[in-house]
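In listed order, ligands and their atoms are each counted from 1. All residue numbers in this chain count up from 1 along the given sequence.
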Amino acid sequence: MTFKLHNFFRSSSSVRLRAALNLKGLTYEYVPYVLRNGETRTPQFLAMNPAGLVPVLELEDGNYLSQSLAIIEWLEETHPQPPLLPHDPDSRARVRALAYMVACEVHPLNNLRVLGYIGTEFGANEAAQKAWFTHWVETTFDALETMLSVSDDTGAFCYRDTPTLADICLYAQVWNNRRFEIDMSRWPTIEGIFARLDALEPFRMAAPPAQPDAV
Ligand SMILES: N[C@@H](CCC(=O)N[C@@H](CS)C(=O)NCC(=O)O)C(=O)O
């Protein structure tokens, strides 16, 4: 199966999807968009995803999938190996909870259009936008650090010793944090997990600097 991945090198939801595709050994054609130039607001892009957001995964049959977590769950169903979720329901719920903490509680408050909106509508300058970004990262990363540091389920990665959906979301968010120079030493467990993920080829190759449109 040949996929076309409509995405942007620095987009953390794109990092998530690239990591999932790489972990499952799936190849894809890389189609880049420059978000700041409005390239996801064109009629052609909106026909693929009316929300005007990357990533979009174009399938061989011409179908377009949007929302990184929905796409990753689709991959999990259609290409189950290696699994990105544990087997038993309790563990799956834990992994999803860790993943959603990043994907639902940090990222939506801190993405480009939100930072742009608080800038244009509420006069938040660069320093204020950074303070906003940092606040929402700290709020959830403090909780994540506690959840990960006290649990016997935490291993080399968020759940034992094999990467899961939780690691995919965490890895992508830490790259975002780096852009805003967030001090990661406040969260030693997360810092350790990130370093171990970053040593793995499927993650390293999904990271922003490894992409063809990286600047
Ligand atoms: N929940 C969506 C988030 C998608 C999203 O926010 N994408 C960002 C890049 S990470 C985007 O396209 N931003 C363009 C904009 O904010 O205008 C997902 O997981 O796919």
To which protein heavy atom is [atom] closest, and what is the distance rounded to 0.1 Å?
| atom | answer |
| --- | --- |
| atom 16 (O) of ligand 1 | R113 N, 3.0 Å |
| atom 13 (N) of ligand 1 | L53 CD2, 3.6 Å |
| atom 7 (N) of ligand 1 | V54 O, 2.8 Å |
| atom 19 (O) of ligand 1 | S68 OG, 2.6 Å |
| atom 6 (O) of ligand 1 | N111 ND2, 3.0 Å |
| atom 2 (C) of ligand 1 | Q67 OE1, 3.1 Å |

Check whether more than 12 heavy atoms from other residues, nucleotides or ligands sit under 6.0 Å from atom NZ of K24, and answer yes or no. yes
D61 atom CG, over 12 foreign heavy atoms within 6.0 Å: yes
Measuring from the heavy atoms of R41, does anything fall under 4.0 Å of ligand 1? yes
Is a salt bridge present between R186 and D142, judged by a nitrogen-to-oxygen distance below 4.0 Å?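 Yes, R186 and D142 are salt-bridged.
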Would one find an N or O of T40, backbone or side chain, under 3.5 Å from an N or O of ligand 1?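 It does not: no N or O of T40 is found under 3.5 Å from an N or O of ligand 1.
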Decide whether E145 and T189 meet the rule of one side-chain donor and one side-chain acceptor closer than 3.5 Å. yes
